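Notes for the one structure printed next.
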Amino acid sequence: MVEMVTRPYASAFESYAVQHPEVLALSADLTSSVEIDGFRDRHPDQFLSMGMAEQNMLSFAGGLGLAGFRPFIHTFGVFLYRRPYDQLMASVAYPRRKVRLMGFLPGITTPGGMTHQAIEDISVMRTIPNMTVLETGDATEVEGIVEAADSIDGPVYCRVLRGSVPRLFDSPFRLGEIRVLSEGTDVLVITAGITTEEAIRARGALDKAGVSVRHLHLSTLKPFDAEAIVAHAASVTHGVITLENHLVAGGIGSMTAEALAEAGLGKKLIRLGLQDTYAHGGSRPYLMNYYGLDAIALVRGIERLMGIETGIDEGALEAVRVDAVHSSVKAEAL
């Protein structure tokens, strides 16, 4: 059983912002939903409510950046790039403003359906020049994302987890660092965000079944360390599986495919994630199972890649689960 941390972002942002008065918190009418309501109440001079007007908020943030401030924009991920895309490009990315785009509810971490699920954000954001893309996978990374984002000389987009978040890692968030969680030789598994917890669940059962897994966790998605990925892929026998909380097109699976192709490395690749579909509403565990983003989907993918049957079922995965259940508080709700 791992530690579950309640609202790690709220405390991390407040602790950092009060030490840096040039950091401003901007909200688009979702202040409590993105955990900065307490900061608003205690530090009103560093808080701006922009209302439900994301296009204006992006342009305004670009102006703040020009004036020497470092605005942290807080809203759901979808509202940072779908509606205000032109303003994002012209006012933030092109002039390389130090705007920190804190995108909550990445992928299917919300039951809100397609209007609230950022399922193509990595593919969009990684193609924007000057943009850095980061993702949090546990409470430790959520606690470190504020300082990491603010160290970047230019705009940065962050996929942020909220609510009750498991602590999987002891070491802090480090820009550009790939976490090597296991050093197996049969298959390379690459995960990020909430899929890392699922891969950890699967690894225990796979180890008992005699499958040796090399598991990498990514938190810096752009710049993408293609050289390191290729080196890890070359060290395994059967190939590579990516598991992501995102469409397989344009995300980690695509980045890995590009890296392998450009290096001329002939390894099989299976991309697990949303397969050219929008997700409907539902709980996180239900959606992860329905769309094949969970531990059992990874096991089946490895079986397909290696041409074997492990005999692993859901019961075997429960036996090695790293935490009982996510929060009963429904922190993923709107």
Side-chain angles (χ1 to χ4, degrees), residues 1-9 104-111 117-119 122 134-145 158-173 177-182 184 187-207 213-221 241-246 251-253 272-274 279 282-302 312 314-332:
M1 188 77 69
V2 299
E3 175 192 5
M4 300 297 290
V5 183
T6 302
R7 290 167 58 99
Y9 184 83
F104 292 75
L105 303 187
I108 56 173
T109 57
T110 169
Q117 291 164 341
I119 61 170
I122 296 171
L134 309 178
E135 180 163 15
T136 58
D138 86 322
T140 300
E141 292 190 338
V142 172
E143 290 165 350
I145 194 70
C158 304
R159 298 182 112 209
V160 186
L161 300 177
R162 68 173 193 180
S164 185
V165 185
R167 188 179 303 284
L168 305 178
F169 310 127
D170 295 327
S171 58
F173 192 111
E177 179 183 275
I178 296 176
R179 295 184 190 269
V180 182
L181 303 185
S182 64
V187 61
L188 174 63
V189 173
I190 304 172
T191 61
I194 61 172
T195 60
T196 291
E197 183 183 355
E198 294 300 311
I200 293 173
R201 283 184 60 206
R203 267 179 22 220
L206 287 163
D207 183 62
V213 175
R214 178 174 292 254
H215 182 197
L216 306 181
H217 168 78
L218 307 182
S219 52
T220 302
L221 306 186
I241 293 189
T242 57
L243 178 63
E244 57 189 310
N245 178 29
H246 187 268
I252 294 168
L272 301 178
L274 290 168
S283 70
R284 182 194 301 188
Y286 166 78
L287 292 174
M288 293 186 80
N289 181 260
Y290 185 88
Y291 291 105
L293 279 66
D294 63 356
I296 197 67
L298 177 59
V299 169
R300 299 294 174 252
I302 288 175
I312 296 171
E314 286 283 4
L317 294 173
E318 280 300 318
V320 295
R321 192 177 174 92
V322 296
D323 69 291
V325 179
H326 273 283
S327 175
S328 59
V329 185
K330 288 194 176 289
E332 65 271 73

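Note that this is a predicted model, so its numbers are computed, not measured.
- In this structure, Gln117 contributes its side chain and Thr110 its backbone to a donor-acceptor pair below 3.5 Å.
- Residues Thr196 and Arg179 fail the side-chain proximity criterion, which asks for heavy atoms closer than 4.5 Å.
- The CG atom of Leu134 lies 11.5 Å from the CG atom of Leu218; values are rounded to the nearest 0.5 Å.
- Closest non-hydrogen pair, Gly163 versus Pro8, comes out as O-CD, 3.5 Å.
- Here the shortest heavy-atom pairing between Ala295 and Ala202 reads O-CB, 3.9 Å.
- In terms of heavy atoms, Val165 sits closest to Ala139 at CG1-N, 3.4 Å.
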Q | Worked verdict on Ile122 versus Arg159 for side-chain contact (heavy atoms from CB on, under 4.5 Å) | A | CA-CA 9 Å; Ile122 296 171; Arg159 298 182 112 209; 3.7 Å; yes
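- Within the 4.5 Å cutoff, the side chain of Leu206 has no heavy atoms near those of the His215 side chain.
- Scanning both residues, Ser171 and Thr140, for their nearest heavy atoms gives O-CG2, 3.4 Å.
- Rounding to the nearest 0.5 Å places CG of Leu317 at 4.5 Å from CD1 of Ile296.
- Val2 has its side chain out of reach of Arg167: every pair of non-hydrogen atoms, C-beta onward, lies at least 4.5 Å apart.
- By the salt bridge (Lys or Arg N to Asp or Glu O under 4.0 Å) test, Arg214 pairs with no residue at all, sequence neighbours left out.
- Atoms CD1 and CG, on Ile302 and Leu272 in that order, are 9.0 Å from each other to the nearest 0.5 Å.
- Within the 4.5 Å cutoff, the side chain of His217 has heavy atoms near those of the Glu141 side chain.
- Each of Leu243, Asn245, Asp294 was evaluated against Ile194; a single residue qualifies, Asn245, per the side chain to side chain contact (heavy atoms under 4.5 Å, CB included) test.
- A distance of 10.5 Å separates CG of Asp138 from CE of Met4, quoted to the nearest 0.5 Å.
- Note that OG1 of Thr195 is 9.0 Å distant from CG of Leu298, once rounded to the nearest 0.5 Å.
- Taking the side chain as every heavy atom from C-beta outward, Leu181 and Val189 never approach each other to under 4.5 Å.
- Here the closest heavy-atom approach between residue Val160 and residue Pro106 is recorded as O-CD, 3.5 Å.
- Not a single side-chain hydrogen bond (donor to acceptor under 3.5 Å, both in side chains) links Thr136 to another residue, sequence neighbours left out.
- Panel note: side chain Ser182, backbone Val213; a donor-acceptor pair is recorded below 3.5 Å.
- Counting heavy-atom neighbours within 6.0 Å of Tyr290 OH, excluding the residue itself, gives a total of 12 or less.
- Applying the ring pair (Phe, Tyr, Trp, His ring centres under 6.0 Å) test to Phe173 and every residue at least two apart in sequence or in another chain returns nothing.
- Within the model, atoms CG of Leu161 and CD of Glu135 stand 7.0 Å from one another, a figure rounded to the nearest 0.5 Å.
- Of all heavy-atom pairs spanning Thr242 and Gly253, the tightest one is OG1-CA, 3.3 Å.
- No donor-acceptor distance shorter than 3.5 angstrom exists from the side chain of Glu198 to the backbone of Leu293, with no hydrogens or angles considered.
- Classification of the Phe104-Tyr9 ring pair by plane angle, with boundaries at 30° and 60°, yields perpendicular.
- Residues Glu197 and Leu168 meet the side-chain proximity criterion, which asks for heavy atoms closer than 4.5 Å.
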